[in-house]
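Just so you know, these numbers use all the heavy atoms, side chains as well, and skip hydrogens, waters and symmetry mates.
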Amino acid sequence: FGDTADIEGGEGDEDPGEEEEGEDGRDPSFEASSRNPSTPRVFFRCPGVPFVPLFGIFINGYLTASLGLQTLFHLFVYLLVGALFYFFYGQHNSTLSIRMEGEGE
């Protein structure tokens, strides 16, 4: 319970009980360290690993399995439509795609 790990996956060497505020008064654990490589690694706690995630998977699987066939059909249709929308919208509006098109000129 309450293992401490950092975003990069290494072992933490800071005391997890110490909570510091960032320069602007916000909690630094909500800041992405990829924005500024000189920023020290940010630590976070994930309680109950692996019990809480496994419990959530089990409960959601049970609830999904207890749905009727027509409801499951509608669920998968909505998931498919959402996945297609997400894929094609992201492909069209990708900033990486726009940058690569600009380099090709």
(request) Might you point out which heavy atoms bring P53 and G48 nearest each other, and give the distance in Å? (result) CD-O, 4.0 Å
(message) With a 4.5 Å cut-off on side-chain heavy-atom distances among I, L, V, M, F, W and Y, is there a chain of contacts connecting L75 to V81?
(response) no
(request) For F55 and F51, run ring pair (Phe, Tyr, Trp, His ring centres under 6.0 Å): C-alpha distance rounded to whole Å, both residues' side-chain angles, the deciding distance at 0.1 Å, then the answer. (result) CA-CA 6 Å; F55 184 69; F51 305 111; over 10 Å; no
(message) A quick test of your reading: do over 12 heavy atoms of other residues, nucleotides or ligands sit less than 6.0 Å from CG of L69?
(response) no
(request) Keeping the roles fixed (side chain from T64, backbone from N60), state whether a donor-acceptor pair exists under 3.5 Å. (result) yes
(message) Between S94 and Q91 (side chain of the first, backbone of the second, donor and acceptor by atom type, cut-off under 3.5 Å), is there such a pair?
(response) no
(request) May I ask whether L80 and F87 are part of the same hydrophobic cluster, defined by side-chain heavy atoms of I, L, V, M, F, W, Y residues being less than 4.5 angstrom apart, directly or through others? (result) yes
(request) Would you kindly confirm whether L67 and F76 end up in one hydrophobic cluster when ILVMFWY residues are joined by side chain heavy atoms under 4.5 Å apart? (result) yes
(request) Kindly work out whether a path of hydrophobic side-chain contacts (I/L/V/M/F/W/Y, heavy atoms less than 4.5 Å apart) joins Y78 to F73. (result) no
